[in-house]
Number of protein chains: 2
Amino acid sequence: MKIKVNENFGNLKPNYLFSETAQKARKYRAEHPDQKVISLGIGDVTQPLAPVVIEAMQKAVLEMGVKETFRGYAPEYGYDFIREAIAGYYVNKLNIAVKANEVFVGDGAKSDLGNIVDILGDNRILIPDPVYPVYMDSNIMSGRSVTLLPATAENNFLPTPPDDDIPSVVYLCSPNNPTGAVYDYDKLKKWVDYAKKTGSLIIFDSAYESYIREDLPHSIFAIEGARDCAIEINSLSKMAGFTGTRMGYTVIPETLTSGEFNLNKMWARRQATKFNGVPYVVQRAGEAVFTERGLKECKDLVDYYLENAKLIAELLEKKGVWFTGGVNSPYIWLKCPDGFDSWSFFDYLLEKAQIIGTPGVGFGANGEGYFRLTSFGSRENTLEAVARLDKLL
Amino acid sequence: MKIKVNENFGNLKPNYLFSETAQKARKYRAEHPDQKVISLGIGDVTQPLAPVVIEAMQKAVLEMGVKETFRGYAPEYGYDFIREAIAGYYVNKLNIAVKANEVFVGDGAKSDLGNIVDILGDNRILIPDPVYPVYMDSNIMSGRSVTLLPATAENNFLPTPPDDDIPSVVYLCSPNNPTGAVYDYDKLKKWVDYAKKTGSLIIFDSAYESYIREDLPHSIFAIEGARDCAIEINSLSKMAGFTGTRMGYTVIPETLTSGEFNLNKMWARRQATKFNGVPYVVQRAGEAVFTERGLKECKDLVDYYLENAKLIAELLEKKGVWFTGGVNSPYIWLKCPDGFDSWSFFDYLLEKAQIIGTPGVGFGANGEGYFRLTSFGSRENTLEAVARLDKLL
């Protein structure tokens with residue numbers, strides 16, 4: 001063909017991280033079939049959906065098989081029952097004023113984070129390094145120039161605003177993937193102050209807010225003034241184990257504007273044009289998550305993972321290994337001991353302890369010399385992995 | 001804020017069609033509460049999901065509640081079981097060679113049609129008028145210039161290729177929404193020949209292929225040479241009643257290239273970056289559709305709607321009203337009798353027969369003087385509507 005394609009795709013880096021770790025793991029397992037390899041590298045949940053969610057889905061499935069209760073196309077931004085449930089969660093559980101018409105239900109944070117570029121123009125983009133790849137890649141696909149915000153041990157992997165006056169689109173994720181670092185109120189306020197001063201937009205990824213157990217902000221909108229400069233994107237994936245069920249939501253204040261354009265209305269138009277809603281059975285599943293029973297059952301799920309994280313964190317503390325995360329996050333981001341670089345440490349852990357983790361350098365240059373462990377495995381595997389690390393380190 | 005937004009959104013036309021018909025319907029119902037208003041305007045299915053689909057979803061929901069069978073993140077382009085089922089449908093039911101790695105499972109044609117612009121550059125866009133809005137709006141959002149292909153009574157609402165040599169991106173939908181017109185092999189070959197001659201790309205929307213009952217092409221890939229110049233996007237919405245369940249698929253031949261870029265690989269990268277898969281329970285639902293029992297049960301669903309269409313079509317023939325569709329499509333596209341324009345005919349049908357349809361002009365300028373009726377209602381309502389039209393026309 002002779003048509004023009006989007007040549008920005010040529011600027012994408014090949015995405016080898018997880019396929020490379022998987023390949024090395026496969027090779028090791030094939031060469032050592034008698035050994036039990038434990039993965040602390042997985043970014044996916046392992047516990048099943050909560051009982052209240054299963055019950056809601058069963059009921060919804062039955063409805064879909066009967067003419068009188070069958071549901072066709074959903075309302076564009078989600079059924080009222082789920083938009084109100086989410087707004088209610090903000091108001092009643094997070095003490096933050098959010099209206100149902102500011103909540104746009106989608107099929108997960110990855111989609112909304114990827115598609116939000118559709119409503120934005122060509123701005124300077126600020127993205128932390130290390131980072132979750134979708135922020136970067138979606139902007140490269142759009143031909144945007146990205147400026148990296150260094151996350152380092154010096155700033156506890158919590159990048160601070162630059163000292164300039166450039167209206168920017170800033171991606172923040174807190175609690176962070178991959179580092180598990182969490183912004184406190186003061187640090188987050190500095191970002192909101194920067195955004196207000198410069199006329200910038202903060203795109204806040206709050207996918208792990210349900211892992212917070214200390215007094216830290218669960219939402220960008222916990223900061224005064226954020227309604228004028230921020231969009232929040234959250235997901236039920238890690239909160240409720242919906243990685244294979246797919247539901248998330250984007251909150252855009254109805255008064256969020258730039259020039260004559262209202263971003264709430266723009267996102268509404270984008271979704272009404274290019275999206276046709278979340279499945280009915282999944283919206284009912286999501287509704288169940290936000291009931292009192294659902295929040296309790298999902299909190300139990302999250303607590304399970306947090307207990308795993310605590311076991312790993314305690315071991316690292318005992319060994320004097322520097323790390324962030326592990327407390328308000330399912331991720332532990334550790335400095336490789338003894339001067340190992342990320343991939344050498346990966347190999348070392350795999351060969352000497354049969355544990356798989358994720359090399360920090362795979363998330364960005366500032367990840368070199370660091371390593372991510374996750375707490376999503378089973379308690380048994382986590383305990384065994386911790387015992388192995390105790391011997392090895 | 002001072003950030004730049006995508007100002008192309010300012011070029012979108014306000015999308016009033018369905019909200020305006022809904023508003024008029026609401027007003028009429030409020031003013032005539034004793035009258036039964038029947039909608040033949042709805043583009044949504046009304047029959048429940050097939051029993052085999054419900055059974056598959058029930059089983060999958062139960063699996064999601066048990067640790068040993070719980071599913072997290074799906075493989076990026078769909079589970080093998082569904083990609084193979086779809087490829088098998090092409091090979092065994094449509095006699096068209098398609099490989100599983102050419103099938104990308106998504107959450108519906110609207111999303112894929114909306115997002116395919118991500119991999120394309122700035123080309124001349126050819127879109128029929130009248131048309132399904134997403135082709136137009138997604139391109140306007142991308143700042144593309146659209147050239148309209150006139151669909152008229154003269155060409156039986158089947159636009160033909162222009163007489164030029166410009167590499168273009170062409171959107172074709174057959175069987176068509178809103179007109180119900182269907183390309184035969186000869187006419188479709190002319191488009192493939194044009195695409196090959198000019199180096200153009202055909203984006204073929206085959207969402208209604210399961211409604212074809214005569215000897216007409218079910219897929220662009222039924223035409224020799226189309227693998228070098230076409231992408232096909234299909235959906236289970238109208239085939240299996242999945243409007244509220246959400247599954248579709250995009251077929252991109254693994255050898256489809258433009259310059260150095262391979263479009264199959266580009267779409268794979270786009271989806272791997274900005275999408276996180278279809279829910280497990282929905283993929284199992286889709287798998288059930290493509291079993292022998294599923295295809296039979298879904299064919300019964302489609303036949304039910306086609307029988308409704310036939311009743312409407314027979315009445316219009318009896319009255320000497322010109323129309324397309326109604327035979328291999330759930331849509332009937334009629335010329336408004338007695339010189340009515342689209343909206344006047346809408347008002348006339350509503351006030352005199354308490355029937356709601358959709359004014360053709362809402363789909364484009366070439367729809368003026370035309371009107372769309374759909375067959376998705378119940379048999380009872382369709383019979384009653386036909387009786388009312390018999391009296392009125």
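Every chain is numbered from 1 and lettered A, B, ... according to where its sequence line falls, protein lines coming before strand lines.
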Give the member of [options] that has the highest number of heavy-atom pairs under 4.5 Å with chain A.
| options | answer |
| --- | --- |
| N8(B), T257(B), D44(B), L113(B) | D44(B) |
| L12(B), L62(B), V169(B) | L12(B) |
| G108(B), A195(B), S200(B) | S200(B) |
| S111(B), P133(B), C229(B) | S111(B) |

The test is side chain to side chain contact (heavy atoms under 4.5 Å, CB included); show your working for V5(B) and N123(A) and say whether it passes. CA-CA 8 Å; V5(B) 298; N123(A) 300 283; over 6 Å; no
Atom of [X], atom of [Y] and distance for their closest heavy-atom approach:
| X | Y | value |
| --- | --- | --- |
| R246(A) | V278(B) | CG-C, 4.2 Å |
| N276(B) | K110(A) | ND2-CD, 3.3 Å |
| P279(B) | P279(A) | CG-CG, 4.2 Å |
| T198(A) | K2(B) | O-CD, 4.1 Å |
| M266(A) | F9(B) | O-CE2, 3.4 Å |
| S258(B) | I3(A) | OG-O, 2.6 Å |

Most heavy-atom pairs under 4.5 angstrom with chain B, which of S237(A), G277(A), S142(A)? G277(A)
Largest heavy-atom contact set with chain B, pairs under 4.5 Å, which of A285(A), G121(A), A109(A): G121(A)
Any chance you could lay out the side chain to side chain contact (heavy atoms under 4.5 Å, CB included) test for F70(A) and T46(B), step after step, and finish with the verdict? CA-CA 7 Å; F70(A) 171 79; T46(B) 52; 5.7 Å; no
Give, as side chain, backbone, both or neither, the part of [X] having an atom under 4.5 angstrom from any heavy atom of chain B.
| X | result |
| --- | --- |
| R269(A) | both |
| V45(A) | both |
| E7(A) | both |
| L263(A) | side chain |
| D107(A) | side chain |
| T273(A) | both |
| R270(A) | both |
| A272(A) | backbone |
| D137(A) | both |
| S168(A) | backbone |
| M64(A) | both |

Checking heavy atoms, do the side chain of V61(B), its backbone, both or neither come under 4.5 Å from chain A? both
Between atom NZ of K67(A) and atom OG of S378(B), what is the distance when rounded to the nearest 0.5 Å? 5.5 Å
Out of curiosity, K4(A) NZ to F261(B) CZ, how far, rounded to the nearest 0.5 Å? 13.5 Å
Residues in side chain to side chain donor-acceptor pair (under 3.5 Å) contact with K274(A), at least two apart in sequence or another chain: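 For K274(A) the side chain to side chain donor-acceptor pair (under 3.5 Å) partners, ignoring immediate neighbours, are D118(A).
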Using residues 52-59 of chain A as the side-chain source, report each donor-acceptor pair under 3.5 Å to any protein atom, sequence neighbours left out, with the distance given to one decimal.
residue, atom, partner, partner atom, Å
E55(A), OE1, R293(A), NH1, 3.1
E55(A), OE2, R293(A), NH2, 3.0
K59(A), NZ, E63(A), OE2, 3.4

Side chain to side chain contact (heavy atoms under 4.5 Å, CB included), that's the test. Do T245(B) and Y280(A) meet it? Break it down for me. CA-CA 6 Å; T245(B) 304; Y280(A) 174 67; over 6 Å; no
